[in-house]
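Quick caveat, the model's predicted, so the values are computed rather than measured. Reckoned from all heavy atoms, side chains included, excluding hydrogens, waters and symmetry mates.
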Amino acid sequence: MLNLTTNYKARSTELPGLFRDVFAASEGEEEGRAVGALVQDLLNTTPDDDLLGVLALESSALAACVLFSRLSYDQDPRQVFLMSPVAVRTDRQKSGIGQKLISFGLEELRLQGIDFAVTYGDPAYYEKTGFQQITETFAQPPMPLSMPHGWLGQSLTGAETPIEGPSHCVNAFNKPALW
Ligand SMILES: CC(C)(COP(=O)(O)OP(=O)(O)OC[C@H]1O[C@@H](n2cnc3c(N)ncnc32)[C@H](O)[C@@H]1OP(=O)(O)O)[C@@H](O)C(=O)NCCC(=O)NCCS
């Protein structure tokens, strides 16, 4: 049975290793190390109010994790979170866990009063959970994007107007190479 939970802190020591292993298997060792280090940095340096993690557990074994961190738009009253990164354990991929995990996380954000979610990745996959391609004018990314077609967003409240002004991300994402 799949158990979805926001209590990511209870398993925080396992999370960098999960991301390292999953990304090493799909993108190579170097990317695995980089994403593992990013997750460690996110957990170490992000204020509690600016980070949400969702886990999928199967018989208490960690099967997947997604992290959401605050993207601040100082000129807009709406609260925006960035969904990144996402990992489903390699031997559990393509069984629907990723979509269940993401949908649960987005609903949790909505319940916490977050207005809009963005992510940066493959539109073909993230469209399955309601993300649509957005322009860099609709919602400014915190740094120039190397793959603008991967800039995706969705309203959690139904409001669809552009988000005003520049944005800034949490410290762990504040590196041009990640964008
Ligand atoms: C990408 C990932 C999170 C998807 O989770 P998952 O549990 O394997 O996917 P689901 O079972 O929910 O969804 C499967 C569907 O998505 C598609 N899909 C899976 N990964 C995809 C990808 N990278 N790009 C496009 N489509 C993808 C499958 O083809 C399948 O489509 P179908 O339902 O039409 O057959 C997971 O495979 C993973 O951790 N991959 C390695 C790390 C990664 O790339 N993370 C995302 C970038 S941050």
Item to complete: Given side chain to side chain contact (heavy atoms under 4.5 Å, CB included), test Q93 with V22 step by step and report yes or no.
Response: CA-CA 10 Å; Q93 289 175 6; V22 168; 3.7 Å; yes
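- Remark: side-chain polar atoms of S155 are paired, donor with acceptor, to backbone N or O of T157 under 3.5 angstrom.
- From N171, atom CG reaches atom CG of N44 across 11.5 Å, with rounding to the nearest 0.5 Å.
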Give the C-alpha distance, both sets of side-chain angles, the deciding distance and a yes or no for side chain to side chain contact (heavy atoms under 4.5 Å, CB included) between L106 and F131.
-> CA-CA 11 Å; L106 293 170; F131 286 95; 4.0 Å; yes
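- The backbone N or O of S167 sits nowhere less than 3.5 Å from a side-chain atom of Q140 that would complete a donor-acceptor pair.
- Between atom CG of residue N3 and atom CZ of residue F104 there is a gap of 8.0 Å, rounded to the nearest 0.5 Å.
- Among L82, I163, L152, the single residue meeting the side chain to side chain contact (heavy atoms under 4.5 Å, CB included) criterion with V118 is L82.
- No salt bridge links E30 with R33; every basic N to acidic carboxylate O contact stays at or beyond 4.0 Å.
- Note on V35 and M83: separate hydrophobic clusters, where clusters join Ile, Leu, Val, Met, Phe, Trp and Tyr whose side-chain heavy atoms are under 4.5 Å apart, directly or indirectly.
- For the pair K9/D48, a side-chain contact is recorded, criterion being any heavy-atom separation below 4.5 Å from C-beta on.
- A distance of 11.0 Å separates SG of C169 from CG of D50, quoted to the nearest 0.5 Å.
- One hydrophobic cluster holds both Y126 and F68 under the rule that ILVMFWY side chains link at heavy-atom gaps under 4.5 Å.
- Residues L62 and F23 fall within the same hydrophobic cluster, defined by Ile, Leu, Val, Met, Phe, Trp and Tyr side chains chained together at heavy-atom separations under 4.5 Å.
- To the nearest 0.5 Å, the span separating OG1 on T5 from CZ on R11 amounts to 10.0 Å.
- Under the 4.5 Å side-chain heavy-atom criterion for ILVMFWY residues, a single connected hydrophobic cluster contains both L71 and L51.
- No donor-acceptor pair under 3.5 Å is formed between the side chain of R92 and the backbone N or O of A64.
- Considering L178, T46, D41 as possible partners of F173, the one that fulfils the side chain to side chain contact (heavy atoms under 4.5 Å, CB included) test is L178.
- Residue V39 is grouped with residue W179 when hydrophobic side chains (ILVMFWY) are merged at heavy-atom distances under 4.5 angstrom, including chains of intermediate members.
- Remark: side-chain polar atoms of Q154 are paired, donor with acceptor, to backbone N or O of T129 under 3.5 angstrom.
- Between E160 atom CD and F138 atom CZ the span is 6.0 Å, to the nearest 0.5 Å.
- We find the CD-CG distance between Q79 and L109 to be 10.0 Å, quoted to the nearest 0.5 Å.
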